[in-house]
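Fair warning: this is a prediction, and the values are worked out from it, not measured in the lab.
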Amino acid sequence: MGNKKGLYTGIIILLVLIGGIWWLSGNIDQRQQEGATQLAIKSIGAVEMTDDNPTFDEWGKNFPDYLDMYLTVEKEEPFATEFGGNLAYSKLIRYPQLTLLWAGYPFSLDANEERGHFFIQADQMDTARNNKDFLNAHGFKAFGGQPTACMNCHSGWTPWLIKNVAKGDFVAFNSTKYWTMIKNVPAVNGAAVNSPEHNGLHGGRRMGVTCADCHNPNDMQLRVTRPALINALVNFRGYEADPVLGVKASREEMRTLVCSQCHVEYYFKPTGTKVKVMGESIANDSTKKWYNGTQKTYDEVEYWRDGNEPTEIEVAGLELVFPWSTWKKGEPFRIEMFDDHYDKVRNIFDKDWVHKITNAPMIKIQHPESELFSGGVHAANGVSCADCHMPYIRKGSKKVTQHNITSPLKEINAACKSCHTQSESYLKAQISDIQNSISHDMRTAEYAIVSLIMDTKNLRERLSAMDKFQTDGQADVKKISAEIADVLELQRKASIRADFVGAENSTGFHNPREASRMLLQAVDMARSGQTKLVEIAAKNGITDFTTSDLGFEDIQKFNPGDIRYKVDLNGHKAGDRYYEHENINGNPPAKLLEDDKNIKPYTYTYVDKK
């Protein structure tokens, strides 16, 4: 018996020792793995990656293959595809209905096809939507300048600026003027201050998305770096914050969440408080005036010049927020969730702008890929954004993820055929059929809403002539808006739906069923609005009021052409082109307009053949 007891004791001790050795080995392995990247880097004399220099030029010294893939878009000739590409033609020329859908908002003046992650900051700096003087002189007198909140998605310097300039205060970061904050991007990689390199695309102020936005420098784990997403995931969707990786999530989840830092709908929520932020001393220089003769409060360039210096000022606080309060973890997104959220916060944030033609309080939707994708068949089967947009490919003898982050159609064998067994031609045909179908639905919805807008304009004019809708002999805008309030609400919600699918960059492919459902709702809302207009007209004794049904040819009459100066401004003459490069804000390829002409109505003999 004693021998058995001793044997059992020995076995237990042995198991404990084995367990301890196993734990110690695992812990050592984990520590070794965490430090392996930096050890390997140091052993070959490469750079040590750090958030103090998040530039892809610096980090790319350790990963030249990945850097080379990422920089593909910089080197290649711009090209247009049916529903994408990187040729920055004017979307307003291709889709003139947008000038009416967004009337009164800067997007109605300047909206180009996107050029990709590499150019995203440069395009944000160059757009007329970020040019106060130009906007003020071209019909947007109330525009006061973009806040730094717009920089959250456009600059790889954002985390550094939050930490070092805003001192960790996310509200202060968002509330600072865009052109003030960007002046603080440091010169790195040997660049002289205010040199072309410091102001350029490679590590400078024009640098777009970079490795550090998605990777931890210590071990290259995927991480979330943007506070707006972390806040939304923790406050609304049941995730737990993590001091290193942003949130606690599986690697597969992270392969989508890193994209959700920017590919989402958002708004700038007023905090209702004042916050101290960086200002500019130019505000005290009485010789510096905007186009309209008012005092300049900031200098609309990216560097300090002519004695202009940073100051401290107090402004109304803004916070970048995702409208996800009713979208819970594990649930597919539904468009009604946006309705619920924006209705819930109306006492704080009621609109992005007032529609110039109808006076409706409007919401502008921005690139909501994460929301639409969440309810699609790919998400339901555990597919991540990276699986399709950054598929595994062979580069020499190595297996790497494709870092030329673009359409899966560019790498269909790697992106699609790892799961699908059908031929490449079959898969492309299926994708094309889905996108053409959704495009038809989208044009139908947009044309219906534009018809509603023009009919609303007509009725407003008719009502404004009536004594009951006047004050002191003048049309009373508020009285008329109250009379047609139900119509304005239908315009708002129909536009949210059409704008959602238009701003979402897959032409509905990420979730065709939900895209089609919300577009059908948009058409129904627009037509219901027209019906209500007829009823309101009849109630007010207008018996000859009729509704419109605009089509492709009608819409083309609103083509704004490329952006040109209407007045002499800042060294430019009236008639000069706003953009320096002809391949930006120009005409779309003629074939795309021919395609659009045959999408609505759906000319199947043309669409199927193409």
Side-chain angles (χ1 to χ4, degrees), residues 92 95-108 111 265 267 323 335-343 345-346 349-366 368 441-464 469 475-503 515 517-540 542 545-551 554-555 558 600:
L92 304 180
Y95 306 121
Q97 64 269 25
L98 299 178
T99 64
L100 298 171
L101 293 170
W102 299 333
Y105 202 56
F107 270 90
S108 67
E265 160 64 349
Y267 66 105
I335 190 62
E336 290 82 3
M337 293 175 179
F338 277 176
D339 293 337
D340 292 343
H341 180 89
Y342 281 121
D343 286 347
V345 301
R346 278 205 191 197
F349 176 86
D350 63 334
K351 60 186 175 295
D352 281 311
W353 90 102
V354 175
H355 197 274
K356 183 178 180 180
I357 299 173
T358 68
N359 216 47
M362 302 296 292
I363 297 292
K364 176 72 184 74
I365 302 296
Q366 311 277 10
D441 295 348
M442 185 157 49
R443 300 290 90 82
T444 303
E446 289 171 344
Y447 294 173
I449 298 169
V450 170
S451 298
L452 173 63
I453 289 169
M454 302 311 289
D455 293 345
T456 303
K457 176 178 181 289
N458 183 10
L459 185 59
R460 290 195 77 107
E461 291 171 351
R462 299 286 293 272
L463 294 177
S464 68
F469 294 108
D476 191 315
V477 173
K478 290 184 178 180
K479 286 182 179 179
I480 297 172
S481 293
E483 181 72 2
I484 63 171
D486 290 345
V487 175
L488 301 183
E489 189 67 11
L490 285 167
Q491 179 195 342
R492 170 187 168 104
K493 291 189 173 177
S495 294
I496 283 175
R497 285 151 173 77
D499 202 14
F500 185 108
V501 181
R517 187 182 73 86
M518 67 177 73
L519 290 171
L520 182 59
Q521 286 184 347
V523 174
D524 186 45
M525 290 170 173
R527 298 309 185 196
S528 294
Q530 289 179 296
T531 300
K532 285 185 179 293
L533 288 174
V534 174
E535 294 171 352
I536 295 168
K539 185 182 78 170
N540 287 281
I542 304 173
F545 185 83
T546 58
T547 58
S548 57
D549 186 15
L550 302 181
D554 302 306
I555 295 293
F558 298 104
K600 174 64 173 97

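- Listed by first and then second residue, the salt bridge (Lys or Arg N to Asp or Glu O under 4.0 Å) pairs involving residues 528-537 amount to none (not counting sequence neighbours).
- Under the side-chain hydrogen bond (donor to acceptor under 3.5 Å, both in side chains) criterion, Lys478 pairs with no residue, sequence neighbours left out.
- A donor-acceptor pair is defined here as one N or O able to donate and one able to accept, closer than 3.5 Å; no such pair exists between the side chain of Asp343 and the backbone of Asp340.
- The shortest heavy-atom contact between Leu92 and Ser108 is CD1-O, 3.2 Å.
- Crowding of Lys356 atom NZ: a count of heavy atoms from other residues, nucleotides or ligands under 6.0 Å not exceeding 12.
- Looking at Glu489 and Lys493, a side-chain N of the basic residue comes within less than 4.0 Å of a carboxylate O on the acidic one, giving a salt bridge.
- With sequence neighbours excluded, no residue satisfies side-chain hydrogen bond (donor to acceptor under 3.5 Å, both in side chains) with Lys351.
- Annotation: side chain of Tyr447 is in contact with side chain of Ile555 (closest heavy-atom distance under 4.5 Å).
- Side-chain contact between Ile542 and Leu459 is present, with at least one heavy-atom pair separated by less than 4.5 Å.
- Arg492 is linked by a side-chain hydrogen bond (donor to acceptor under 3.5 Å, both in side chains) to nothing, counting only residues two or more places apart in sequence or in another chain.
- When only modelled atom types and interatomic distance are considered, Asn540 and Glu483 share a side-chain donor-acceptor pair under 3.5 Å.
- Under the side-chain hydrogen bond (donor to acceptor under 3.5 Å, both in side chains) criterion, Tyr342 pairs with Glu265, sequence neighbours left out.
- Annotation: Tyr267 is in aromatic contact with His341 [ring centroid separation under 6.0 Å].
- Heavy atoms from other residues, nucleotides or ligands lying under 6.0 Å from NZ of Lys364 number more than 12.
- Pairing each heavy atom of Ile480 with each of Phe469, the nearest pair is CG1-CB, 3.9 Å.
- Closest of all the heavy-atom pairs between Asp499 and Ile363 is OD2-O, 4.4 Å.
- Minimum interatomic distance between Ala522 and Ala445 (heavy atoms only, all atoms of both residues): CB-CB, 3.9 Å.
- Closest non-hydrogen pair, Ile496 versus Ile335, comes out as CG2-CD1, 4.1 Å.
- At a cut-off of 3.5 Å, with distance as the only test, a side-chain donor of Ser481 or Arg460 sits close to an acceptor on the other residue.
- With sequence neighbours left out, the side-chain contact (heavy atoms from CB on, under 4.5 Å) criterion links Ala360 to His355, Thr358, Met362, Leu488, Gln491.
- Between the side chain of Thr547 and the backbone N or O of Gln530 there is no donor-acceptor pair closer than 3.5 Å.
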- Does the side-chain hydrogen bond (donor to acceptor under 3.5 Å, both in side chains) test come out yes or no for Ser548 and Asp455, once each step is laid out? CA-CA 7 Å; Ser548 57; Asp455 293 345; 2.8 Å; yes
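- Ion pairing of Glu446 with Lys600 is absent here, as no side-chain N (NZ or NE/NH1/NH2) approaches a carboxylate O to less than 4.0 Å.
- Nearest heavy-atom pair, Ala515 versus Val501, reported as atom, atom and distance to 0.1 Å: O-CG2, 4.0 Å.
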